[in-house]
Trainee: 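Here it is, the structure, as structure tokens.
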Amino acid sequence: MLILAMPMYCYGMSGLMKTFVDRWPQVDEEEPSRHFMKAMRGKQVYLIITGKDDPRKKALPIIQQFNYICRAAGMVFNGYLIGEAVNPGDIEKDKEVINQARALNELLGQKQQSNELTS
């Protein structure tokens with residue numbers, strides 16, 4: 001499982017996240033023994049985005065982009081959270097996303113327990 005978090009930057013993904021994602025295929029080119037892309041296949045991906053200026057609407061193109069990125073990498077895009085926040089502590093004011101985060105935490109905890117039982 002992979003949980004990626006980033007701020008929305010100029011209505012797109014942050015430069016740091018873009019660089020991170022762009023480097024994935026290059027890892028295998030530079031060090032084929034790592035099998036990075038093979039290791040990423042099948043991983044479940046969740047995305048957390050924060051921003052201002054109606055982020056739940058304006059961050060949707062980022063969600064679509066990650067859908068494509070995951071599909072191309074053979075990963076499963078399982079969900080996302082978008083919260084309104086700019087400064088540290090702002091997210092605590094966004095009760096909707098806090099409740100969604102709690103629900104996701106509970107779901108992931110259940111999945112982990114289920115995996116432990118079947119291992």
Side-chain angles (χ1 to χ4, degrees):
M1 179 182 320
L2 190 60
I3 299 175
L4 301 171
M6 67 175 171
M8 179 173 62
Y9 181 73
C10 294
Y11 308 106
M13 78 171 75
S14 68
L16 189 58
M17 183 64 73
K18 178 82 170 104
T19 300
F20 175 64
V21 170
D22 285 350
R23 292 277 303 140
W24 291 355
Q26 293 173 347
V27 171
D28 284 343
E29 288 176 18
E30 293 170 7
E31 293 188 47
S33 62
R34 283 188 159 179
H35 306 288
F36 181 79
M37 292 305 293
K38 184 177 179 182
M40 297 300 279
R41 265 186 251 132
K43 292 234 184 278
Q44 297 178 33
V45 177
Y46 294 89
L47 186 60
I48 300 170
I49 302 172
T50 60
K52 65 176 183 174
D53 190 24
D54 197 13
R56 285 180 182 80
K57 179 180 176 186
K58 294 180 178 176
L60 291 177
I62 302 170
I63 302 303
Q64 188 61 52
Q65 188 175 19
F66 267 87
N67 229 330
Y68 295 137
I69 290 166
C70 289
R71 193 176 311 150
M75 298 183 293
V76 180
F77 187 72
N78 264 359
Y80 62 90
L81 300 175
I82 301 173
E84 185 140 0
V86 177
N87 297 309
D90 284 354
I91 199 68
E92 295 171 20
K93 299 172 195 164
D94 188 339
K95 301 301 181 194
E96 181 180 344
V97 80
I98 293 295
N99 289 333
Q100 292 171 347
R102 286 185 178 128
L104 179 59
N105 184 48
E106 188 174 316
L107 175 70
L108 296 178
Q110 290 170 358
K111 283 185 178 185
Q112 183 176 352
Q113 288 177 351
S114 175
N115 289 342
E116 289 170 359
L117 293 174
T118 58
S119 297

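These values consider heavy atoms only, across backbone and side chains, with no hydrogens, waters or symmetry-generated copies.
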Trainee: Nearest heavy-atom pair of Met1 and Lys43: which atoms, and what distance?
Mentor: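 Shortest heavy-atom contact: N-CD, 4.0 Å.
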Trainee: Taking salt bridge (charged side-chain N to carboxylate O under 4.0 Å, His left out) as the test, write out the residues that go with Arg34, two or more places apart.
Mentor: Glu31
Trainee: Are Ile3 and Ile62 connected, step by step, through hydrophobic side chains (Ile, Leu, Val, Met, Phe, Trp, Tyr) whose heavy atoms are closer than 4.5 Å?
Mentor: no
Trainee: Tell me whether Asn99 contacts the main-chain N or O of Lys95 through its side chain, where contact means a donor paired with an acceptor under 3.5 Å.
Mentor: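 Pair found, side chain donor or acceptor close to backbone of Lys95.
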Trainee: Got a sec, which residues hit salt bridge (charged side-chain N to carboxylate O under 4.0 Å, His left out) with Glu92, two or more places apart in sequence or on another chain?
Mentor: none
Trainee: Is Val45 reachable from Phe20 through a run of I, L, V, M, F, W or Y residues, each pair having side-chain heavy atoms under 4.5 Å apart?
Mentor: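 Per the 4.5 Å side-chain linkage, Phe20 and Val45 are co-clustered.
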Trainee: How long is the gap from CG on Asn87 to NZ on Lys52, to the nearest 0.5 Å?
Mentor: 9.0 Å
Trainee: Do Leu16 and Val21 share a hydrophobic cluster, counting only Ile, Leu, Val, Met, Phe, Trp and Tyr and linking them when any side-chain heavy atoms are less than 4.5 Å apart?
Mentor: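 Looking at the clustering, Val21 is in a separate group from Leu16.
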Trainee: Taking all non-hydrogen atoms of both residues into account, name the closest pair between Pro25 and Met37 and its distance.
Mentor: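 Looking at all heavy atoms of both residues, the shortest contact is N-SD, 4.0 Å.
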Trainee: Quick check: do Asp94 and Arg56 have side-chain heavy atoms less than 4.5 Å from each other?
Mentor: yes
Trainee: Please list all pairs passing the side chain to side chain donor-acceptor pair (under 3.5 Å) test where one or both residues lie in residues 1-30, with sequence neighbours left out.
Mentor: Tyr11-Asp53, Lys18-Asp22, Arg23-Gln26, Arg23-Glu30
Trainee: Test of understanding: clusters of I, L, V, M, F, W, Y form through side-chain heavy atoms closer than 4.5 Å, transitively. Do Val76 and Met40 belong to the same one?
Mentor: no
Trainee: When clusters are formed by joining ILVMFWY residues with side-chain heavy atoms under 4.5 Å apart, either directly or through shared neighbours, do Leu4 and Phe36 land in the same one?
Mentor: yes
Trainee: List, one per line, each side-chain donor-acceptor pair under 3.5 Å for residues 63-70, sequence neighbours excluded.
Mentor:
{"from": "Gln64", "atom 1": "NE2", "to": "Tyr68", "atom 2": "OH", "distance (Å)": "3.3"}

Trainee: Counting C-beta onward and ignoring hydrogens, is there a side-chain heavy-atom pair between Met6 and Ile49 closer than 4.5 Å?
Mentor: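 Yes; the side chains approach each other to less than 4.5 Å.
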Trainee: If you look only at distance, which donor and acceptor atoms sit under 3.5 Å apart when one is on a side chain in residues 77-85 and the other is two or more places apart or in another chain?
Mentor:
{"from": "Asn78", "atom 1": "ND2", "to": "Gln44", "atom 2": "OE1", "distance (Å)": "2.7"}
{"from": "Asn78", "atom 1": "ND2", "to": "Tyr46", "atom 2": "OH", "distance (Å)": "3.3"}

Trainee: Considering residues at least two apart in sequence or located in another chain, which fulfil the salt bridge (charged side-chain N to carboxylate O under 4.0 Å, His left out) criterion with Lys93?
Mentor: Asp90
